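Everything numeric in this text was worked out from a predicted model, so none of it was measured. Here is the naming used below: chain letters follow the sequence lines, and residue numbers restart at 1 for every chain.
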2 protein chains.
Amino acid sequence: MALSKGQSKGRYRVTINDLSRELGLTKGTVSRALNGYDDISESTRTRVARAAERMGYRPLAQAQAIRTGMARALGLVLNAGPDNTHKPFLTDFLDGISRAASEEGWSLSIATALDEQDEVATIARLVAEHKVDGFILPRTRVSDPRIDLLRDLEVPFVLYGRTGDTEGCAWHDISGEDAMRDAVLRLHGLGHVRIGFVNGDSGFNYAPLRRDGYLAGLAEAGLPHDPDLVRSGAITPQQGMARGAELLDLPNPPTAIVCALDRAALGVYRAAEARGLRIGRDLSVIAYDGIPEAATATPPLTTFAVDTRAAGARLAKLLFARIRGADLNHLREVVPAHLIARGSDGPPPNTEPGPARNTGPTPPTQKGET
Amino acid sequence: MALSKGQSKGRYRVTINDLSRELGLTKGTVSRALNGYDDISESTRTRVARAAERMGYRPLAQAQAIRTGMARALGLVLNAGPDNTHKPFLTDFLDGISRAASEEGWSLSIATALDEQDEVATIARLVAEHKVDGFILPRTRVSDPRIDLLRDLEVPFVLYGRTGDTEGCAWHDISGEDAMRDAVLRLHGLGHVRIGFVNGDSGFNYAPLRRDGYLAGLAEAGLPHDPDLVRSGAITPQQGMARGAELLDLPNPPTAIVCALDRAALGVYRAAEARGLRIGRDLSVIAYDGIPEAATATPPLTTFAVDTRAAGARLAKLLFARIRGADLNHLREVVPAHLIARGSDGPPPNTEPGPARNTGPTPPTQKGET
DNA sequence: CCTGTTGCCGAAACCGGTTTCGGAGCCGAA
DNA sequence: TTCGGCTCCGAAACCGGTTTCGGCAACAGG
């Protein structure tokens with residue numbers, strides 16, 4: 001058991017040669033046994049597996065890569081552009097992916113890009129250099145050049161989000177549309193009839209979906225759709241404050257506002273405070289994301305939270321399946337966001353306290369904290 | 001120029017064999033020419049380099065890895081634990097590293113861990129699997145088991161931050177101590193004599209350094225050190241609010257507070273507001289980090305900003321140098337933070353407006369926005 | 001002219017795996 | 001007994017690079 005190669009200190013990997021020597025088999029046989037070829041007897045297969053376990057053998061991914069063409073790495077290209085700087089859940093997201101990847105002995109390789117064009121170029125570079133075997137594409141846009149490229153290159157990928165042309169796409173997504181609809185229904189259940197909506201960036205695919213959800217909620221509640229009550233383009237608190245101000249300064253302002261993003265909702269808070277309105281009493285707000293700041297705002301924000309860590313893990317697993325050639329129809333899933341009822345919503349003002357109207361399906365009212 | 005290997009579509013890498021065939025040289029010669037061996041004539045060296053450029057040859061990192069033992073990947077293990085979730089600059093940091101890495105044809109491999117013990121285990125796993133050639137260690141602690149491990153394994157690493165036992169350590173760091181000192185001097189220059197300090201998590205190495213900077217500033221200004229004015233453990237706005245409240249409720253409260261973190265300062269804002277104090281007039285605040293929220297707070301926060309993207313890039317370059325065996329003494333650098341003077345600091349209240357006292361070296365007063 | 005360097009490149013081993021091919025043994029059937 | 005087929009493994013090529021070794025030519029010195 002002496003070190004065969006003197007790489008300075010205690011650094012020594014057990015290779016497939018060590019294993020084969022120990023077992024009295026050729027390395028080809030050992031390799032086939034480990035990789036489940038069916039021309040290996042069950043007895044030697046277990047013998048090899050046991051020895052590999054005992055000796056702590058871990059195949060060198062780089063060596064496997066050169067013959068198989070698989071780098072055993074997942075790729076993630078982050079947009080590090082100026083307007084995308086705020087990513088509250090990035091660490092959780094990475095944790096989900098990384099954990100799922102290392103379970104399979106794969107690694108997570110990340111790169112950054114400054115804009116859409118740079119993103120595409122970076123993806124192309126990683127593919128050309130054979131650095132990764134597939135991509136996770138976060139923040140999908142309605143029309144997304146990254147998807148076109150990967151489709152063209154025939155490189156596996158999965159979307160965090162959906163997209164316009166779903167041809168060849170696998171995805172995991174959170175149902176923002178259901179959340180927005182439930183928010184409207186919940187507010188209607190509390191007695192609100194004028195419910196505004198502040199949407200996010202319409203370039204991203206989630207925006208039309210959440211808008212549809214808001215409209216579906218209105219329709220389901222039997223409420224009219226007043227276009228004046230719908231604003232969009234709010235992804236920062238500042239923008240949220242501006243859009244909120246527009247709504248509140250309307251001749252007939254809403255008594256409740258649904259926001260597509262928590263950060264926008266925090267801006268609406270400020271717009272309301274500036275007008276002497278108390279959130280949760282004079283104005284109800286329900287949003288979406290579940291950022292930590294939402295829990296410590298005054299009042300705490302009622303919001304639909306998403307489990308970004310779980311999303312990352314699911315995406316990694318979907319990508320594995322995709323790389324291994326699974327059927328696309330099994331690789332498309334949309335899961336609901338989780339309502340966290342807090343203090344920013346309540347009955348509309350100027351309403352006699354009484355039995356709340358019962359309107360169709362009762363909105364979900366789970367309680368919980370992050 | 002026909003595809004020699006039919007990997008589905010247009011996917012085709014030019015290998016060293018293609019190059020050698022084209023040039024009429026053996027691949028060994030081509031390899032040596034490309035890698036700067038001195039037994040290759042200058043003429044063929046340029047001929048090979050030109051052909052490689054023309055044909056777009058990029059060596060396959062995995063193939064190089066198995067012989068050289070270098071994975072050509074930088075490692076970064078992120079702490080994804082519950083209290084470390086807020087990382088405002090992570091994207092910028094990753095961008096800095098990733099960009100510097102890809103310039104050298106290297107990649108950035110990231111993994112996550114939930115606590116200190118998990119971090120060490122994850123690092124050990126990455127080393128054992130030969131996935132990376134070196135590590136960037138963010139958020140160094142005074143006593144840091146990651147450093148002990150890597151020192152023991154003789155694996156190259158660089159610190160973002162400094163540490164207690166600097167033996168074998170290279171680092172890039174921002175001088176938080178100078179920033180804190182300059183903050184005190186700036187406030188003293190404005191006329192303040194009772195200046196409080198709210199520090200961060202004392203487990204991290206930056207905390208004692210910033211505290212020393214605060215004390216150095218007091219000493220340099222000829223101000224007494226009142227232990228009552230020093231608090232620590234504030235890394236969230238909530239904690240900042242609590243520590244700020246303690247200071248403001250003192251019998252003889254400070255007229256200015258220096259915070260080790262912007263987020264804590266935002267909490268101090270709330271503590272001050274709750275007491276009817278106007279920031280920038282009744283209470284001056286200067287902090288450190290340069291988070292986006294600081295710019296949009298009311299009033300905008302005067303703070304010492306750090307360029308996290310540049311730090312990431314520098315760390316990557318230092319790590320390259322370390323891996324290539326450069327002298328440690330050339331791989332230790334501390335750069336200053338950049339003051340962004342905004343509206344949260346001013347002369348102390350109850351002071352006759354008049355010529356400001358001139359106290360020794362005038363504090364730096366650069367103006368600028370992020 | 002012969003010899004000893006030196007410059008420069010070819011040949012081949014090597015790294016740690018995977019995959020193809022062929023054949024040795026064992027079995028049952030004719 | 002012989003033949004065919006099946007099971008299971010060894011041998012060797014292969015992947016795309018790097019590195020060692022040896023030797024051919026040109027050149028300088030004696």
*Asks:* Taking only the side-chain heavy atoms of N35(A) (C-beta and beyond), determine which of dG16(C), dA11(C), dT18(C) contains the nearest atom.
*Replies:*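 Within the option list, the nearest is dT18(C).
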*Asks:* Is R72(B) paired with D133(B) through a side-chain N to carboxylate O contact shorter than 4.0 Å?
*Replies:* no
*Asks:* From CG of D18(B) over to C1' of dC15(D), roughly how many Å is that when rounded to an integer?
*Replies:*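 Going from CG in D18(B) over to C1' in dC15(D) covers 13 Å.
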*Asks:* Could you tell me the separation between the NZ atom of K27(A) and the P atom of dA13(D), rounded to a whole number of Å?
*Replies:*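 That distance rounds to 12 Å.
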*Asks:* By ring-ring contact (aromatic ring centres under 6.0 Å, His included), which residues pair with Y57(A), not counting sequence neighbours?
*Replies:*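 Checked Y57(A) against ring-ring contact (aromatic ring centres under 6.0 Å, His included); zero matches.
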*Asks:* Which protein N or O atoms sit under 3.5 Å from an N or O of nucleotides 20-23 of chain D?
*Replies:*
residue: dT20(D); atom: O4; partner: R32(B); partner atom: NH1; Å: 3.1

*Asks:* Kindly say if S31(A) contacts the phosphate of dT19(C), meaning a side-chain N or O under 4.0 Å from OP1 or OP2.
*Replies:* no
*Asks:* Salt bridge or not for R332(B) and D173(B), using N-O below 4.0 Å?
*Replies:*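 Salt bridge flag = no for D173(B) with R332(B).
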*Asks:* With heavy atoms under 4.0 Å as the rule, sort T29(B) into base, sugar-phosphate or nothing.
*Replies:*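 Touches a base.
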*Asks:* Please state how far atom NE2 in H130(B) lies from atom C1' in dC15(C), giving the value in whole angstrom units.
*Replies:* 12 Å
*Asks:* Should R141(A) and E116(A) count as an ion pair when the cut-off is N to O under 4.0 Å?
*Replies:* yes
*Asks:* Would you say a side-chain N or O of N17(B) is under 4.0 Å from OP1 or OP2 of dG17(D)?
*Replies:* no
*Asks:* Below the 4.0 Å mark, does dA12(D) have OP1 or OP2 next to a side-chain nitrogen or oxygen of T26(A)?
*Replies:* no
*Asks:* Between R45(B) and dC9(C), does any side-chain N or O lie under 4.0 Å from OP1 or OP2?
*Replies:* no
